[in-house]
Colleague: 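Got a structure for you, written out below as structure tokens; questions coming shortly.
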Amino acid sequence: MSEFELLEPGAPFGGPSAGGAPGEGGGDPLLDGLNPAQERAVVSRGPALLIVAGAGSGKTRVLTHRIAHLIRNKEAWPSQILAITFTNKAAAEMRERIEGLLGDGAQGMWISTFHSACVRILRREAERFGYVSGFTIYDSADSRALLKRIIKELDADTYGFTPANAGSKISKLKNELSDADDYAATMNENDPRDRLFVEIFKMYEQELRRANAFDFDDLIGQTVQLFRAHPDVAAVYQRRFRHILVDEYQDTNHAQYSLIRELTRAVAPEEVDRLMPPARERELDASGGIPPASLTVVGDSDQSIYAFRGADIRNIVEFERDFRGAEVVKLEQNYRSTQNILSAANAVIGNNFDRQEKNLWTAEGDGAKIVGFTGYSQHDEARFVAEEIEDLHRAGTAYGDIAVFYRTNSQTRALEELLIRSAIPYRVLGGTKFYERAEIKDAMAYLTSIANPYDPIAWSRLLGAPKRGVGPMAEAHLANFQEAQGISFHEAMLRADEVGALGPKLRGTARQLAELLTRAARMAVGGGATDDSAEEAQPAPVGDVLKLILDETEMIEKLRAKRDPQDDARAENLEELIAVAREFDAKQPGAGLLAFLTEVSLVAAADDLDDTSGTVSLMTMHTAKGLEFKAVFITGVEEGLLPHQMSVDEVGGISEERRLMYVGITRAREQLYLTLASTRATFGDISVAMPSRFLQEIPEGLIDWRQSPGEVTGRGGTESRALNAPRGSSSGYGAGGPRSRGRIDSSVSFGSSGSRGGSGAAAVSEPASGNMQSALEKWRERKRQAKAAQAAGGGFPNMIGGAARDNGDLELASGDRIRHDEYGEGRVTSVTGVGSKRIAHVVFDAVGERKLLVKLAPISKVD
DNA sequence: TTGGCTGCATTTTTT
DNA sequence: ATGCAGCCAA
């Protein structure tokens with residue numbers, strides 16, 4: 001491949017810097033404006049370097065400048081650089097910044113994620129170990145689909161196995177580079193569950209191989225195995241990459257660590273002799289081997305938040321012991337946040353006992369105080385967030401500079417609802433990703449199957465989408481035939497006539513489908529030219545292949561023909577997919593179907609951040625890592641949520657949650673909001689939420705409570721103080737500045753007729769002190785208002801009323817007269833259910849009998 | 001075989 | 001509350 005040609009010119013290897021003495025300032029533009037620690041991190045040379053980079057300490061700058069410095073000084077060729085990041089987004093940004101420093105000089109560098117780098121290697125070397133270069137990459141949904149079949153076949157569900165738990169167990173093992181045999185060797189022989197798991201694991205591996213597919217974890221693990229089993233293959237990369245740089249090193253797992261180890265191994269003299277092309281004199285050390293690559297890792301153990309998926313914090317903690325002669329540079333000066341924000345971050349993280357001391361500081365000022373707010377419910381909390389965002393926006397902060405973080409994806413609902421209502425443009429990062437949508441997966445299944453006609457998951461999926469009368473029975477017959485003949489699924493369908501059990505109609509359908517896939521496959525590789533002319537045979541653009549599939553299957557038309565408005569959205573998503581493919585074709589002409597599939601498989605949540613301009617960003621705190629915003633809201637700062645309930649019994653769980661909180665806090669440049677709710681609905685039931693312990697770890701002077709937890713629970717006293725609520729010296733509700741607090745309550749009834757807007761605004765416009773008395777008073781006032789709102793009736797039934805409306809303690813009994821916004825008046829015949837699930841059976845005068853959820857229905861009592 | 005209905009589990013974070 | 005899975009009827 002062409003990358004290797006870049007090795008040609010004689011390059012000095014890790015030797016004394018050939019040119020311009022670094023470090024002497026000397027107006028080197030790459031060192032201008034760096035602080036001493038940063039400069040050291042750029043110019044240091046040696047076998048290994050650990051850059052301990054606190055949040056916001058300019059590590060990307062250091063990393064990019066270090067690479068540019070190596071190139072500029074002719075210490076390395078671009079092709080000898082391997083830079084590994086965690087997300088594609090980070091990789092793209094790094095490449096961009098290096099190009100900014102070097103121009104075209106960045107050509108030929110490998111700047112990618114662990115996963116992309118491994119795919120690249122595996123595709124090139126796949127044949128060596130029984131795979132084909134066109135292998136499919138299974139995402140977790142695909143893995144689960146496969147596991148589901150296996151568990152069913154083994155009847156393992158009766159032992160409590162689910163695709164999810166078996167999958168995560170397998171994933172954990174693979175991250176440790178263990179296989180089924182390793183597990184079998186250490187398991188309890190007498191435990192049937194263990195033995196069954198080994199069965200599942202083995203069958204899973206076998207099926208993956210048969211499908212010519214890798215799962216996510218394999219990408220790393222198999223690359224390591226490849227290097228270990230084939231030293232000559234490893235030597236190619238060990239020789240090639242002279243400088244390896246790894247970002248977010250604290251989040252590497254054992255497999256990734258091993259990969260780095262393999263890549264930074266010296267090449268033994270006897271391997272050198274087998275190298276193609278022959279090694280050059282200057283590449284060799286005294287023994288006749290090739291010396292190990294230099295390794296630079298950047299990380300911050302305080303930001304390690306992926307232990308749950310195998311990240312091993314020891315990788316960074318023990319780096320110095322691991323890589324002899326390693327130098328350590330600490331970056332502690334923060335260039336991102338105000339001192340108040342940093343103090344809060346330091347205070348929180350300081351409660352983790354087993355950490356290296358590190359203190360972020362900034363030369364900038366204290367900045368604004370952190371704002372705290374406690375809502376009565378998650379809707380109340382969300383409303384506060386929405387209103388603050390409006391205020392920020394009015395005051396000149398762009399929407400794109402604002403982010404809202406949360407612990408779990410399910411928290412987006414309430415937030416989205418209020419943002420929509422407030423007409424605030426926003427986007428949700430992560431969560432249900434574009435490529436996880438059913439219709440997109442359907443369409444992608446065709447492309448996957450074209451690239452890999454042995455993939456049963458893709459094939460099975462495309463059979464049923466769109467519906468064409470092929471059910472489980474027909475699928476099983478075809479699959480059996482496929483397996484018995486050892487042919488691809490496409491061939492099996494092409495020869496459907498030989499499958500006795502199939503009716504004539506199904507045979508026809510199968511053949512037709514096979515012909516379409518074959519035609520598309522021929523298009524994808526290049527017009528089906530003969531071997532000799534293969535070079536001229538141009539592979540068709542991915543967009544054209546996709547278009548052919550969608551046209552022939554009429555997937556879009558069929559969706560449009562349905563009545564459900566959701567299906568219109570699905571059709572649009574498919575149009576969007578075509579656009580995505582076309583864009584890919586334009587950006588990487590001739591890259592081909594396989595490259596497109598790879599890219600799609602490896603896009604991460606944070607990757608589609610690119611076009612964040614003009615919208616508020618919503619994301620989990622995990623997704624937020626590596627990003628920064630002028631204003632940040634951290635929501636749901638409650639016990640059970642942050643720290644999450646699931647983490648409390650796990651060893652080290654709380655510490656990890658604390659680091660997550662730390663990551664969240666340190667994303668903010670100027671303004672930080674911490675919000676929570678005193679009650680939260682989970683599974684439809686409402687439960688009381690306690691403020692997070694992390695709140696108490698923040699010095700009280702740093703937080704300006706707009707509404708403290710004490711005020712909201714009504715049990716003010718103790719909690720107020722514990723939670724730094726302003727005692728007496730309240731900066732309470734409404735005293736916060738030139739804003740009209742009234743909006744908070746008026747928006748409760750947003751969407752209903754404006755008839756009671758006035759009273760709502762009046763009710764809370766008076767400043768209140770943070771004591772219990774007034775908190776209670778306010779709470780009562782709120783209730784009164786809510787009642788008044790109901791009594792007023794009227795309003796728009798279609799507004800997202802459910803959330804804002806909460807009839808709460810509305811008591812109904814058989815015989816009561818009520819008024820419904822839509823149905824008019826009626827009489828209650830009975831009330832069933834309890835609590836929030838009470839249902840009123842009502843006979844309406846106009847429309848007859850209806851069943852209504854008392855809590856949420858737009859109803860009120862008529863006296 | 002499909003589509004609709006009912007019942008149930010769901011909520012930790014992701015390359 | 002919602003979405004998915006499994007069951008049943010057409």
Side-chain angles (χ1 to χ4, degrees), chain A residues 84-91 112-119 137-141 143 148 152 157 162-164 167-168 171 174-175 214-221 248 251-253 255-256 304-311 405-414 417 429-433 436 438 463-464 466-475 503 505-506 509 562 564 566 601-607 619-625 636 640-648 650 653 656-657 659-661 663-664 680-687 802-803 836-837 853 855-856:
Chain A
I84 295 178
T85 61
F86 222 56
T87 65
N88 295 300
K89 158 93 179 144
S112 70
T113 62
F114 272 106
H115 295 266
S116 320
C118 286
V119 170
I137 300 166
Y138 275 7
D139 64 18
S140 22
S143 295
K148 195 175 162 189
K152 202 171 196 177
D157 49 341
T162 64
S168 76
S171 174
K174 286 193 177 185
N175 284 334
F214 289 117
D215 66 20
F216 267 141
D217 304 310
D218 283 337
L219 297 179
I220 316 287
E248 307 282 15
D251 283 327
T252 50
N253 61 32
Q256 290 162 334
S304 161
I305 53 174
Y306 283 109
F308 72 92
R309 77 169 191 221
F405 300 160
Y406 36 82
R407 177 67 233 272
T408 70
N409 280 306
S410 63
Q411 287 169 257
T412 50
R413 275 182 203 289
E417 211 169 80
L429 306 189
T432 321
K433 280 165 269 174
E436 283 171 9
L463 269 188
K467 303 270 185 252
R468 47 168 71 83
V470 183
M473 283 298 275
E475 177 182 336
K505 199 165 165 197
L506 280 170
T509 316
K562 292 208 194 174
D564 193 340
Q566 289 238 311
S601 305
L602 298 180
V603 287
D607 291 342
M619 68 192 88
T620 66
M621 272 176 278
H622 283 90
T623 306
K625 195 172 69 159
L641 203 51
L642 184 64
H644 195 277
Q645 193 55 45
M646 291 288 130
S647 70
V648 265
E650 281 166 27
E656 176 138 328
E657 297 287 306
R659 291 193 291 269
L660 195 54
M661 180 79 185
V663 167
R680 190 167 290 273
T682 45
F683 307 141
D685 284 325
I686 293 170
S687 53
S836 61
K837 289 173 179 161
L853 201 56
K855 184 173 154 59
L856 296 177

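Just so we're on the same page: letters track the sequence lines, and every chain starts at 1. As the structure is a computational prediction, the values presented were derived from the model and not from experiment.
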Colleague: Does the base of B:dT15 carry an N or O that pairs as donor and acceptor with the side chain of A:His115 under 3.5 Å?
Modeller: yes
Colleague: Whole-Å distance between B:dT13 P and A:Leu642 CG?
Modeller: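 Computing the A:Leu642:CG to B:dT13:P distance gives 13 Å.
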Colleague: Please list, chain by chain and in numerical order, all residues satisfying salt bridge (Lys or Arg N to Asp or Glu O under 4.0 Å) with A:Asp217, sequence neighbours excluded.
Modeller: none
Colleague: Choosing from B:dT15, B:dT13, C:dT2, which nucleotide comes nearest the side chain of A:Thr408?
Modeller: B:dT13
Colleague: May I have the distance from A:Arg407 (atom CZ) to B:dT11 (atom P), rounded to whole angstrom?
Modeller: 13 Å
Colleague: Please pick, from B:dT13, B:dT11, B:dT15, the nucleotide with the shortest atom-to-atom distance to any side-chain atom of A:His644.
Modeller: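 Of all the options, the side chain of A:His644 is nearest to B:dT11.
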Colleague: Between A:Phe86 and A:Phe114, does the ring centre distance come in under 6.0 Å?
Modeller: no
Colleague: With rounding to whole Å, what would you report as the distance between C:dG6 and B:dT11 at their C1' atoms?
Modeller: 22 Å
Colleague: Just how far, in rounded Å, is P of B:dT14 from CD of A:Gln256?
Modeller: 16 Å
Colleague: Is A:Thr620 near enough to B:dT14 that one of its side-chain N or O atoms lies under 4.0 angstrom from OP1 or OP2?
Modeller: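 Affirmative; the distance criterion is met.
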Colleague: Would you measure the distance from the P atom in B:dT13 across to the matching atom in C:dC4 and give it in whole Å?
Modeller: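 Going atom to atom, P in each nucleotide, I get 16 Å.
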Colleague: Can you tell me if A:Asn253 uses its side chain to pair, donor with acceptor, with the backbone of A:Gln256 under 3.5 Å?
Modeller: yes
Colleague: Do A:Ser140 and A:Ser143 have side-chain N/O donor and acceptor atoms under 3.5 Å apart?
Modeller: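 There is no such pair (donor and acceptor under 3.5 Å, judged by atom type) between the side chains of A:Ser140 and A:Ser143.
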Colleague: Counting side-chain heavy atoms from CB outward, which of B:dT12, B:dT13, B:dT15 is closest to A:Asn409?
Modeller: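 The answer is B:dT13, which lies nearest to the side chain.
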Colleague: Output a table of nitrogen or oxygen pairs between the protein and nucleotides 5-10 of chain C separated by less than 3.5 Å.
Modeller:
none

Colleague: Could you tell me if A:Ser116 and A:Thr113 have a donor-acceptor pair between their side chains, going purely by distance under 3.5 Å?
Modeller: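 There is such a pair (donor and acceptor under 3.5 Å, judged by atom type) between the side chains of A:Thr113 and A:Ser116.
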Colleague: Protein within reach of the bases, or only the backbone? For nucleotides 1-6 of chain B, mark each nucleotide 5' to 3' as B, S or -, using heavy atoms under 4.0 Å.
Modeller: SSS---
Colleague: Side chains of A:Thr87 and A:Glu248: closer than 4.5 Å at any heavy-atom pair?
Modeller: no
Colleague: Would you indicate what A:Tyr306 reaches in the nucleic acid, counting non-hydrogen atoms under 4.0 angstrom: base, sugar-phosphate, or nothing?
Modeller: sugar-phosphate
Colleague: Please report the C-alpha distance between A:Ile137 and A:His115 in whole Å, then the side-chain angles of each, then the deciding distance to 0.1 Å, and finally whether the side chain to side chain contact (heavy atoms under 4.5 Å, CB included) criterion is met.
Modeller: CA-CA 10 Å; A:Ile137 300 166; A:His115 295 266; over 6 Å; no
Colleague: Using atom CG of A:Asp215 as one end and atom P of B:dT15 as the other, report the distance to the nearest whole Å.
Modeller: 15 Å
Colleague: May I ask you to evaluate whether A:Thr682 reaches the phosphate of B:dT10, defined as a side-chain N or O under 4.0 Å from OP1 or OP2?
Modeller: no
